[in-house]
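Order of appearance sets the numbers: ligands from 1, and atoms from 1 within every ligand. Just so you know, residue 1 is the first one in the sequence shown, and it goes up from there. What's counted below: heavy atoms across the whole structure, side chains too, no hydrogens, waters or symmetry copies.
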Amino acid sequence: MSEEYFPSIDKIEYEGPETDNHLAFRYYDESKEIAGKTMKEHFRFAIAYWHSFCNENSDPFGVGTRTFPWDKSSDPVDNAKFRLDAAFEFFTKLGTPYYCFHDRDLAPEGVTIHDSEKNLIDLVSKAKEYQGETGVKLLWGTANLFSHPRYMNGAATNPDFEVVCHAAAQVKAALDATVELDGENYVFWGGREGYMKLLNTQMKREQDHLGEFLRSARDYGRKIGFEGNFLIEPKPMEPTKQQYDFDSATVIGFLREQDLLDDFKLNIEANHATLASHSFAHDLAVAAERGLLGSIDANRGDAQNGWDTDYFPTDLYDATEAMVVVLENGGIAPGGFNFDAKIRRNSTDLEDLFHAHIGGMDTFARGLIIADKIMNDSDFKKIRYGRYSSFDDGNGKSFEEGNLSLEELRTFAIEAGEPKMTSGKQELLENIVNRYI
Ligand code: XLS
Ligand code: NI
Ligand code: NI
């Protein structure tokens, strides 16, 4: 029996909106059915290993403020095992069905590639036992190709081939780990795949290297039996000035150019969308409308600054708009909602990690309840789809099907005369959203 790391906390239960208990769900009721699915099935909530169990809340101006009771040995591999004990205690107490990790979150890097692979295999076998005992599953694995100094000029897009090979070794091991743990997706987030200065960069050449790297990772993954989605997580900047996977639209263009659309989808992070001057819902919709919405990294930025602040998502309006897109998409599976979010530097109690996740889960649960009402009890669909009814039959339909020439369109314009004005109904739609919030 391992040490208990959150001894003052019992299993978090659903108690309903009126409860005074801060360590209970007010809206997230995992077995409640909405639109034909339970909340658990809708969200497939996941915990991000890195923010919750590895990040001591340091920032560029100071060392961490959290001390981890599981960091109790001088041997980093032992500490990684204690960390795993703490993580699974947390997952089961919170009742989240999934988790996500980077290779280096789970196990420390060794001196050689062999050492690193061995460390990871060790921890993966322990994680596999825990998954069997608890039923908690792996939503996705990934490789950390941004922290080590060797990746300062990029990983797959590094101008030095030897660094590209190191990155490949790491991705191979991370794919092995993901498959061994029945991971349902595999993520690529290219934090350093971009550039700091165009003057020293051959941009297209680097992007082609990234394409080749991803094709080789895909081929290896399929060879070892990985059947899930590969996901690219867009982000416009930070830590590079200009990241190649800028936003959903850019990544979709890249996947098409590199012939990767059959195997890859997108993992959309709220704060990355806002860094790219989009709304969260916008980047979700760009991916969803093309059948490429793979998974979600749930968090929130801050209107007052331009960083990836990774706040926990507590904005109900944002969550509602996101859930409208997700419901219209028919859900998110085999992806899920991963809390790529961190508690603040001055949130130093162990239980703050519970408050943060409870708040995030409740916000999305409320967003789901509201989005379902907007879609099914209001005029939302009628207004949204009704706007396009002139394309539903007749000449409009013919146009959509690609059957009309420019000259024919001109003839119809002359026949029809000046088009009537049709309201976009924006204020009414905003009022409908607020009515159900
Ligand atoms: C950083 C990213 C990262 C990815 C996984 O901004 O969000 O956490 O999700 O590498
Ligand atoms: Ni992320
Ligand atoms: Ni991020």
Query raised in the report: Would Y311 and D302 count as a side chain to side chain donor-acceptor pair (under 3.5 Å) if you check the C-alpha gap in whole Å, the side-chain angles of each, and the deciding distance to 0.1 Å?
Result: CA-CA 8 Å; Y311 290 156; D302 187 317; 2.6 Å; yes
Requested in this report: Could you tell me how the ring of F88 sits relative to the ring of F91: parallel (under 30°), tilted (30 to 60°) or perpendicular (over 60°)?
Outcome: perpendicular
Query - contact_flag V187 ligand 1 heavy-atom lt 4.0 Å - result: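 For ligand 1, residue contact (heavy atoms, under 4.0 Å) with V187 is absent.
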Requested in this report: Answer with yes or no whether H51 contacts ligand 1, where contact means a heavy atom under 4.0 Å from a ligand atom.
Outcome: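 H51: no contact with ligand 1 (<4.0 Å).
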Requested in this report: Looking only at N, O or S atoms, find the one in E233 nearest to the Ni ion (ligand 2) and name it.
Outcome: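 Atom name of the closest N, O or S in E233: OE2.
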Report summary line: min-distance N/O/S atom, D340 vs the Ni ion (ligand 2), resolves to OD2
Report task. Could you tell me whether R366 sits above the aromatic face of Y27, with NZ or CZ closer than 6.0 angstrom to the six-membered ring centre and within 45 degrees of the axis? Result ->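 That pair qualifies as a cation-pi contact.
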Requested in this report: State whether F82 and K72 meet the cation-pi test: NZ (Lys) or CZ (Arg) under 6.0 Å from the six-membered ring centroid, and within 45° of the perpendicular axis.
Outcome: yes
**Report entry** Minimal non-hydrogen separation, N338 against A48, with atom names
**Finding:** OD1-N, 3.4 Å
Before signing off on this row, confirm whether [X] and ligand 1 have an N or O atom pair separated by under 3.5 Å.
| X | answer |
| --- | --- |
| E269 | yes |
| H102 | yes |
| D308 | yes |
| D297 | yes |

Query - Spacing of L210 atom CG and R215 atom CZ [to the nearest 0.5 Å] - result: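 Separation between the atoms: 9.5 Å.
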Query raised in the report: Do you know which of I268, T250, N267 makes side chain to side chain contact (heavy atoms under 4.5 Å, CB included) with P234?
Result: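 In the set I268, T250, N267, the residue that makes a side chain to side chain contact (heavy atoms under 4.5 Å, CB included) with P234 is I268.
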Query - atom 8 (O) of ligand 1: the protein heavy-atom neighbour that sits closest, reported with distance to 0.1 Å - result: D340 OD2, 2.9 Å
Query - For atom 2 (C) of ligand 1, the protein heavy atom that lies nearest, with its residue and separation - result: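 For this ligand atom, the closest protein heavy atom is E233 OE2, 3.3 Å.
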Query raised in the report: Can you tell me if E269 uses its side chain to pair, donor with acceptor, with the backbone of E233 under 3.5 Å?
Result: no
**Report entry** the Ni ion (ligand 3) to nearest N/O/S of D297 below 2.8 Å
**Finding:** no
Query - Under 2.8 Å: N/O/S of D308 next to the Ni ion (ligand 3) - result: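 Yes, within the cut-off.
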Query - Exercise: do E206 and Y195 side chains pair donor with acceptor under 3.5 Å - result: no
Requested in this report: Check E269 and report its N/O/S atom nearest to the Ni ion (ligand 3), by atom name.
Outcome: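 Output for this pair reads OE2.
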